[in-house]
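Here's the structure, in structure tokens; my notes come after.
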Amino acid sequence: MTDYKPMILKGYLSPKGHLRDIADYEAHGGYQTLKKAFAMKPDDIVSEVKKSGLKGRGGAGFPTGLKWSFLAKPEGKPRYLLINGDESEPGTFKDRQIFEQNPHQLIEGAIISSYACGINACYLYIRGEYAKWIEMVEKAVDEAYAKGYLGENILGSGFNLKLVVHKGAGAYICGEETGLISSIEGKRAYPRLKPPFPAVVGAWGCPTIINNVETITNIPIIIDIGAEAYAKIGAPDHPGPMLFGISGHVNKPGVYEAPSGTLILDLIYKYAGGVRGGKKIKAIIPGGASMPIIRAEAAEGIGMNAESLKKAGTLIGTAGIIVMDEDTDIVEAIGRLAHFYHHESCGQCTPCREGTGWVENIYGKFLRNEAEKRDIDLLLSICSQVEGRTICALADGAMWPVRHSITRFREEYEKHCKAPDSLPHEWKYVNKAASGV
Amino acid sequence: MSVTNGNGHHNGKQQRFAEGSHGDSLEPSTGVQAFHALHAEDPSKIFFTEADKQKIAEFVSRYPAKESAVMRALWYAQEKFGWLSIEAMNLVADTIPMPRADVQGVASFYTMYWKKPMGKTHLAICTNISCMLCGGYDLYNYIKKTYHIGNGDVTPDGLLSLEEAECLGSCGTAPAMQVNNYEYVENLTLDKLKAFLKERGLER
Ligand SMILES: Cc1cc2nc3c(=O)[nH]c(=O)nc-3n(C[C@H](O)[C@H](O)[C@H](O)COP(=O)(O)O)c2cc1C
Ligand code: SF4
Ligand code: FES
């Protein structure tokens with residue numbers, strides 16, 4: 001913990017606590033990697049990123065170099081880079097730290113990535129709530145233009161890049177990559193069916209690369225230290241420095257940078273100062289609200305990398321760790337998420353639009369102690385009917401917390417039921433309807 | 001309709017889950033027509049100056065397609081007029097230009113665009129999971145009870161409005177709220193919230 005030097009949240013390098021001013025960033029080696037990148041062939045950068053093993057930090061964990069190599073390059077069509085800074089997954093607050101502490105590294109990453117993919121226009125989508133952080137980033141972008149890092153013929157390389165900051169206006173679904181495309185095209189943020197994948201038909205009908213803010217901020221590190229050195233940081237299956245947002249019942253919540261693979265319990269106890277009031281942990285959601293919840297026991301010896309988390313039956317998502325202590329009511333916590341997903345469903349797919357509403361209503365029954373045991377199975381049955389049957393993964397993300405909290409904390413649900421089930425109940429509502437009551 | 005649980009961290013109970021997506025607004029719901037009649041704007045006040053039009057043209061120039069400028073243009077209109085009446089949406093549509101129906105569709109999709117006049121101080125209090133675990137509902141329910149407003153409602157004097165926010169990306173400094181779509185107030189406590197209200201002359 002002590003000998004690790006942050007490579008993303010480098011604000012500590014400056015007495016101001018941030019490197020937002022371009023002079024500070026340059027004084028600490030900023031924009032030097034760009035020169036190194038321009039001396040390389042674009043395809044070599046793509047293979048370097050492939051070799052580094054970098055996986056996307058936006059939730060899906062897709063290998064970044066591989067994604068780039070899928071980019072279609074038809075004649076006469078522009079290509080675009082969309083950087084995803086929508087950051088709306090509950091429990092996720094890491095990209096905001098990049099905007100605040102080190103926006104120039106993000107910009108430098110955007111330039112290198114665009115150069116590698118032969119892209120001349122990059123759009124950075126930031127959620128509307130981050131109005132203040134949008135101003136910080138826009139100021140940094142203006143400085144980069146003024147210094148000739150953006151615009152025409154950057155550093156005499158003959159490469160041109162335009163970078164625009166796009167302000168969202170409040171909708172979780174804009175973070176889904178095809179929803180982001182719809183949104184930036186000036187439409188409602190309706191996700192689209194894949195294929196075609198954005199790398200072939202993306203924004204404005206052109207081939208498009210979509211990456212998370214943190215992913216792009218990692219690119220200058222890879223080019224600077226080389227793919228081999230990068231691949232050695234943290235867990236081999238999921239390498240690199242990582243931002244862990246720790247929230248909930250901990251003493252020192254916040255964003256901590258550490259190598260991937262750092263143990264969950266170390267993050268909670270050594271970084272985030274342990275649980276409030278010295279209580280025990282009941283549950284942990286390791287990767288933002290949509291990822292499967294686990295019991296505290298399951299976190300023992302588990303590191304924050306894809307392979308290790310798989311053993312615990314969960315996923316890394318956005319690496320936003322939500323900690324719930326022994327007093328937490330799991331049904332109430334997941335019920336709140338059920339409300340969130342119902343609120344955020346864009347409504348295009350019937351299973352998602354209706355299913356999220358049904359689930360929320362059933363949680364209402366549990367919380368008013370009106371539920372019966374069979375409602376637990378009803379929830380599971382709804383999950384099975386929604387998962388994998390929709391355009392985008394919001395619906396899956398909405399059902400996983402329900403499914404996994406039931407399989408792992410069934411006793412919590414049973415506590416919320418009224419008197420134990422007496423069979424048969426099946427005809428209760430039908431009969432009522434028939435008799436007109 | 002009380003909820004029992006053993007959680008000492010927050011006493012604000014969920015009573016809304018079964019009520020569907022309308023949240024817990026305390027205002028009677030109206031039909032769309034009646035809503036627009038209630039919140040009509042004097043059309044003569046809704047116009048763009050030359051400078052405004054230039055600004056919108058600059059937004060349009062940032063993108064390969066003019067429709068992409070709609071989000072910034074709606075933000076611009078909201079900042080100028082305070083909220084987005086149908087008249088303001090149409091003005092944005094005619095300025096870009098793009099179909100009015102499309103602009104209304106976009107404006108109604110995103111929660112930060114205000115489709116009715118909100119309070120002079122608008123509080124978006126996060127009650128999503130991390131904030132909830134740290135007492136977000138105590139704050140939300142305090143405003144609700146003290147000022148008799150629900151989600152999306154405005155006090156009759158127009159000074160305060162409330163919104164139940166979904167995760168603001170401030171989970172590490174939970175509970176958090178956003179004021180007037182801009183400033184964040186983080187690590188909130190009931191005392192801090194009361195002091196904030198007092199500073200703005202809103203204490204009750
Ligand atoms: C409902 C939903 C919301 C999402 N929200 C975000 C988000 O806020 N930020 C983000 O970077 N990715 C988000 N994603 C993941 C993106 O679809 C996409 O996988 C990611 O931006 C790709 O970047 P990466 O490969 O660098 O991770 C979301 C996905 C879904 C299904
Ligand atoms: S799954 Fe839900 S959010 Fe995704 S496109 Fe379908 S309705 Fe919209
Ligand atoms: S849950 Fe409230 S800011 Fe994230």
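The sequence lines fix the lettering, A, B, ..., with proteins before strands; numbering per chain opens at 1. What's counted below: heavy atoms across the whole structure, side chains too, no hydrogens, waters or symmetry copies.
- With rounding to the nearest 0.5 Å, the separation of SG in B:C171 from CD1 in A:I322 is 7.0 Å.
- The part of B:A165 that comes within reach of chain A is its backbone (N, CA, C, O), which places non-hydrogen atoms under 4.5 angstrom from that chain.
- Counting heavy atoms from C-beta on, the side chains of A:Y125 and B:M71 come closer than 4.5 Å.
- With values rounded to the nearest 0.5 angstrom, B:E166 atom CD is found 5.5 Å from A:H343 atom NE2.
- Looking only at side-chain heavy atoms (C-beta outward), A:R276 and B:C134 come within less than 4.5 Å of each other.
- Side-chain contact between A:M324 and B:L133 is present, with at least one heavy-atom pair separated by less than 4.5 Å.
- Here the side chain of B:S68 pairs a donor or acceptor atom with the backbone of A:I184 at under 3.5 angstrom.
- In B:K120, the NZ atom is not crowded: 12 or fewer heavy atoms of neighbouring residues, nucleotides or ligands sit closer than 6.0 Å.
- Both the backbone and the side chain of B:R62 come within contact range of chain A, judged by heavy atoms closer than 4.5 Å.
- The local environment of CH2 in A:W204 is crowded, with over 12 non-hydrogen atoms from other residues, nucleotides or ligands closer than 6.0 Å.
- Checked by atom type and distance alone, the side chain of A:S247 never pairs as donor or acceptor with a backbone atom of B:G172 at under 3.5 Å.
- Between the side chain of A:R188 and the main chain of B:G105, a donor-acceptor pair closer than 3.5 Å is present.
- With a 4.5 Å cut-off on side-chain heavy atoms, A:Y130 and B:S170 do not count as touching.
- Looking only at heavy-atom pairs under 4.5 Å with chain A, the residue among B:V70, B:V103, B:N128, B:T173 that has the most is B:N128.
- Interface residue B:N181: only backbone heavy atoms are found under 4.5 Å from chain A.
- Atom OG of B:S130 is separated from atom CD1 of A:I285 by 8.0 Å, given to the nearest 0.5 angstrom.
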For salt bridge (Lys or Arg N to Asp or Glu O under 4.0 Å), just list the numbers for A:K187 and B:E67, CA-CA rounded to whole Å, side-chain angles, deciding distance to a tenth of an Å, and then say yes or no. CA-CA 8 Å; A:K187 306 185 175 109; B:E67 292 81 4; over 6 Å; no
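- Residues A:C346 and B:F109 form a side-chain contact, since some pair of their non-hydrogen atoms from C-beta on lies under 4.5 Å apart.
- A heavy-atom distance below 4.5 Å is not found between the side chains of B:Y184 and A:K132.
- Under the 4.5 Å side-chain criterion, counting only non-hydrogen atoms from C-beta, B:P64 is in contact with A:Y80.
- A:F340 has its side chain out of reach of B:C167: every pair of non-hydrogen atoms, C-beta onward, lies at least 4.5 Å apart.
- If you measure heavy-atom distances from A:A189 to chain B, the contacts under 4.5 Å come from both the backbone and the side chain.
- In this structure, B:Q178 contributes its side chain and A:E129 its backbone to a donor-acceptor pair below 3.5 Å.
- The CD atom of B:E186 sits 10.5 Å away from the CZ atom of A:F93 when rounded to the nearest 0.5 Å.
- Applying the 6.0 Å contact sphere to CD of B:E50 captures no more than 12 heavy atoms from other residues, nucleotides or ligands.
- Within the 4.5 angstrom heavy-atom criterion, no atom of A:L163 approaches chain B.
- Counting heavy-atom pairs closer than 4.5 Å to chain A, the top-ranked of the candidates B:M98, B:Q78, B:M112 is B:M112.
- With hydrogens and angles disregarded, a donor-acceptor distance shorter than 3.5 Å links the side chain of B:W75 to the backbone of A:G168.
- Minimum heavy-atom separation, A:S183 to B:Y110: OG-OH, 2.9 Å.
- Here the CZ-CG distance, from A:R96 to B:L168, works out to 9.0 Å after rounding to the nearest 0.5 Å.
- Minimum interatomic distance between A:V165 and B:R72 (heavy atoms only, all atoms of both residues): O-NH2, 3.4 Å.
- Between B:Y63 and A:H166, the ring planes lie perpendicular to each other; the angle is over 60°, past the 30° to 60° tilted range.
- When heavy atoms are compared at a cutoff of 4.5 Å, A:I173 approaches chain B solely by way of its side chain, counted from C-beta outward.
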